[in-house]
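Taking it in order: structure first as structure tokens, then the write-up.
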Amino acid sequence: MSAPAAGTSTAGGNGPAAALPPTGTPLTPRRLARARRKAALARFWREFRRDRRGMVGLIVLGLMIAVALLAPVLANSRGLNPIYAIATPNSGPSLHDLLGTDNDGRSVLTLLIWGARNSLLVGFTATLISMLIGALVGVVAGHSGSIRARAGRLTDNLMMRATDWFLVVPFLPLAMVLARTIGPSLGVIILVIGLTSWAGTARIVRAQALAVETRPYLERAKALGAGHWHQMYRHVLPNVMPLLLANTILTVAGTILAETTLSFLGLGDPVRPTWGEMLGAAYSNGVGTGNIVWLLAPGIAVIAVVMAFTLVGHALEAVLDPKLRGR
Amino acid sequence: MLDGARAAAEERSGTGAARSYGLARTLSVKVLSAVITLFVVLVGNFFLFRVLPADPAKNLTHNSALTASQLAAINRTFGLGLPLPQQFWNYLVQTFHGNLGRSFVNELPVSQLISQALWPTILLVGTSTLLSTVIGVWIGIRGGWNRGSRFDRSSTAFVNVLYAMPDFWLGMVLLIALAGKLAIFPDGGMHSFTGAGSGLSGLGDLLWHLTLPCLVLTLVYLAEYSLVMRSSLIDELQADYLLTARAKGLRDDLVRRRHAVPNALLPSITLIMLNLGFVISGAITTETVFSWPGLGRLSYVALNAPDYPTLEGTFLLFSAAVIVANLIGDLLLTVFDPRVRQA
């Protein structure tokens with residue numbers, strides 16, 4: 001960050017003037033840091049807003065999350081229980097059931113709304129697990145890799161071999177086997193996807209951590225006697241954070257697709273429908289002869305959400321790495 | 001998953017440490033590490049199926065009610081009462097002899113079931129990989145070279161939609177649209193029930209059945225290849241050697257074909273080879289939707305039975321496929337790109 005002469009920059013510029021808290025309050029280091037962070041965020045948002053595709057993705061995403069959160073308001077959860085379903089099974093759209101019904105006579109629209117809730121829940125929590133493992137392995141491996149001691153190299157090497165193994169092992173069969181041996185439920189699906197999808201993140205984080213390790217401020221921290229944990233937590237991690245964020249958004253797209261596939265194969269929780277589960281039910285109950293919307297709607301919803309995450313993720317990447325602009 | 005592959009591709013195509021080994025040494029290191037990975041998979045497989053389940057004997061028998069003497073008999077047959085290292089050794093010996101156990105469903109040896117299902121999968125995956133590679137790379141080159149053109153914008157949008165699409169969903173939509181009411185294509189399987197016929201008519205029948213599943217896999221994987229090809233070509237656009245080539249007065253077409261594309265192809269080669277292994281297991285859903293009698297459908301049926309020996313056998317094969325494909329990709333890259341030899 002270059003610092004132009006104070007006072008010349010307007011609101012939101014990168015100068016220190018913009019980062020100053022409002023006058024009248026005493027200037028403390030913490031206040032200054034907070035104001036700087038706020039200015040950086042505002043700058044980030046301005047850059048992001050320029051990306052039209054990213055904004056479209058963000059709007060779609062916002063709508064989907066709103067639907068997921070408001071599911072109990074938008075559709076009565078009783079509609080999920082086949083006992084209360086009195087409509088004709090597997091019949092096309094009508095005024096009563098806008099998107100038709102499934103094989104139990106439940107409204108496809110109700111299933112779709114609750115499916116959004118469960119699919120996004122699985123997507124986000126699985127990604128959270130994946131990110132935690134990926135960031136931990138990546139930062140620790142990158143940090144120990146930069147230590148000259150033999151133990152550091154060894155730790156790095158072992159961690160990266162484990163990562164390679166997870167990168168190579170075929171995800172789908174592994175997840176199938178795990179979900180089958182442990183038992184089908186939403187929690188298992190989340191765990192399985194989280195545990196099998198962190199390897200790519202770990203690699204990206206490690207590469208970035210290795211780059212951060214060579215910076216002078218780490219040398220300064222070491223000279224002042226900072227321990228390994230302090231170095232990783234206070235210096236390396238904050239610097240890989242932006243990259244991690246962009247990667248997180250892209251990973252959610254992947255985990256939602258993975259969830260769709262696993263639920264389609266019948267490994268999900270039948271009581272808590274997801275979009276993949278709707279597709280699986282449509283497949284095994286002869287959707288071709290009845291309500292085609294039952295098949296189309298969840299598929300289009302999956303495509304919309306996955307695309308939205310991908311667009312937002314790429315827009316974030318482009319803001320963070322100007323080399324990627326215009327891709 | 002794509003990011004992992006991309007990171008791997010980047011790592012591999014980048015120049016590594018300055019130390020340079022001979023070609024033979026590089027190759028033997030790669031083969032050795034593949035063998036080690038394969039061993040790790042075997043260990044993983046052993047734990048997944050025999051150690052992780054609380055009671056393997058019950059697991060093996062579908063949780064059906066058994067008397068104590070029946071349980072003891074099963075434990076004896078499978079050697080489940082032996083100490084773990086002994087069990088592991090037996091497992092290794094059996095696996096290397098090609099003995100993968102017998103299916104719970106039809107009592108046939110798993111190795112026989114797998115060898116029957118192998119060729120349909122190779123046919124399907126091979127054809128679709130060939131098509132998706134050629135078409136995907138072509139789209140990537142054309143779009144990346146004229147970035148921002150109409151072709152580029154529309155193909156990128158199209159490819160992004162494909163990339164976000166669950167393959168089995170595309171399969172079901174195509175099935176209902178083209179095989180259902182219109183009946184242009186068969187609704188699954190590999191041959192017609194009326195008898196495949198021999199010679200040319202048999203081949204035609206096979207191709208007719210192959211079209212839809214092959215189309216689905218081609219479309220879904222083409223997306224990834226064209227995206228990677230496009231972005232690696234864009235990376236090369238700023239390279240100095242392109243400026244040199246242009247300064248020499250080469251036509252645009254030649255600059256692209258002779259200079260830019262060969263260099264930009266490297267990450268795509270890695271990705272395609274890495275994917276080749278994954279496509280085989282990724283075809284599980286597509287094979288299921290189209291009732292294609294390959295490994296994917298075999299494992300789906302085994303999953304729902306549940307038929308653990310078959311599931312275990314196919315899982316072993318899927319893992320081996322990824323490792324072998326990855327190794328071949330590594331070796332190819334070592335031959336194509338001298339920079340990699342120094343890593």
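These figures come from a predicted structure and were not determined experimentally. Every chain is numbered from 1 and lettered A, B, ... according to where its sequence line falls, protein lines coming before strand lines.
When atom types are taken as modelled, the side chain of B:Trp169 and the backbone of A:Leu295 share a donor-acceptor pair closer than 3.5 angstrom. Of the possible donor and acceptor atoms, one in the side chain of A:Tyr283 sits under 3.5 Å from a partner among the backbone N and O of B:Thr288.
Side-chain contact between B:Leu303 and A:Leu267: present, with at least one pair of heavy atoms (C-beta onward) separated by less than 4.5 Å. Contact check for A:Leu172 versus B:Phe318: no side-chain heavy atoms found under the 4.5 Å cut-off.
Contact tally against chain A (heavy-atom pairs below 4.5 Å) for B:Thr285, B:Leu311, B:Thr314: the top residue is B:Thr285. Most heavy-atom pairs under 4.5 Å with chain A: of the set B:Phe315, B:Phe168, B:Tyr300, this distinction falls to B:Phe168. Residue with the most contacts toward chain A among B:Ala325, B:Ser319, B:Gly148: B:Ser319 (heavy-atom pairs, distance under 4.5 Å).
Of the atoms belonging to A:Thr260, heavy atoms from both backbone and side chain fall under 4.5 Å from chain B. Residue B:Phe278 touches chain A through its side chain alone, counting heavy-atom pairs closer than 4.5 Å.
Nearest heavy atom pair, residue A:Leu257 against residue B:Tyr163, reads CD1-O, 3.9 Å. The shortest non-hydrogen separation linking B:Pro166 to A:Val302 is CG-CG1, 3.8 Å.
Residues satisfying the salt bridge (Lys or Arg N to Asp or Glu O under 4.0 Å) criterion with A:Asp51, sequence neighbours excluded, are absent altogether.
Here the straight-line distance linking atom CZ of A:Phe264 with atom CD1 of B:Ile284 works out to 11.5 Å at 0.5 Å rounding. With values rounded to the nearest 0.5 angstrom, B:Asn160 atom CG is found 6.5 Å from A:Leu311 atom CG.
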